[in-house]
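Data first, discussion second: the structure below is written as C-alpha cells.
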Amino acid sequence: MQFKGSLEDLQAIVRLLHLEGHWVDAGDFHTFSCDSGEHINVWPESGEVQVKGHPTASRTLEQRLQQAIAAQPGGPA
C-alpha cells in the first residue's frame with residue numbers, strides 16, 4: 001500500500017490502533033515491530049508500506065491500517 005503522509009503521520013496512525021510494539025530506524029526504511037509478531041515496514045522516500053507476519057494476523061492488521069489511513073483528513077493516501 002502507499003502512504004503519502006510523513007513518517008510522523010503514520011506513527012500517529014499506528015498509535016491510534018493501540019498496537020503494542022516499537023519503532024526501529026533501519027536506514028532506508030522504518031519498522032514498527034508489534035509485540036504480537038507482525039511488522040509494519042515503511043519507506044518514507046517512496047511512501048511504500050508493507051505489513052508482514054502470520055498471514056491471517058498481518059492481513060487483519062493491514063485492513064485496520066488501511067481503514068485508519070482512509071479515516072484521516074484528506075482521505076486515503
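In this text the structure is predicted, and so the values were computed from the model without any measurement. Nothing fancy with the numbering, it's 1 onward along the sequence.
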Begin from the C-alpha positions of D28 and E45 and carry the test side chain to side chain contact (heavy atoms under 4.5 Å, CB included) through to its verdict. CA-CA 8 Å; D28 292 344; E45 181 99 4; over 6 Å; no
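- When hydrophobic clusters are built by joining Ile, Leu, Val, Met, Phe, Trp and Tyr residues whose side-chain heavy atoms come closer than 4.5 Å, directly or via intermediates, M1 is grouped together with L7.
- V42 and W23 get closest at one heavy-atom pair: CG1-CZ3, 4.0 Å.
- In the displayed structure, D25 atom CG is contacted under 6.0 Å by more than 12 heavy atoms of other residues, nucleotides or ligands.
- When all heavy atoms are compared, the tightest approach of G53 to S58 is O-OG, 3.7 Å.
- Contact between H54 and E38 at its shortest, heavy atoms only, is N-OE2, 3.9 Å.
- Residues W43 and V51 are members of separate hydrophobic clusters, defined by side-chain heavy-atom contacts under 4.5 angstrom among Ile, Leu, Val, Met, Phe, Trp and Tyr.
- Each of L61 and F29 belongs to its own hydrophobic cluster when Ile, Leu, Val, Met, Phe, Trp and Tyr are linked at side-chain heavy-atom distances under 4.5 angstrom.
- When all heavy atoms are compared, the tightest approach of L17 to R64 is O-NH2, 2.8 Å.
- Of all heavy-atom pairs spanning G21 and D35, the tightest one is CA-OD1, 3.4 Å.
- No side-chain heavy atom of T31 sits under 4.5 Å from any side-chain heavy atom of K52.
- The shortest side-chain heavy-atom distance between S36 and E20 does not fall under the 4.5 Å cut-off.
- Under the 3.5 Å distance criterion, the side-chain polar atoms of Q50 are left unmatched by any main-chain donor or acceptor of H39.
- Each of L65, V24, N41, I40 was compared with F32 under the side-chain contact (heavy atoms from CB on, under 4.5 Å) criterion, and only I40 meets it.
- In this model, no donor atom of one side chain and acceptor atom of the other lie less than 3.5 Å apart for E48 and S46.
- Atom CD of Q11 is separated from atom CG of L16 by 12.5 Å, given to the nearest 0.5 angstrom.
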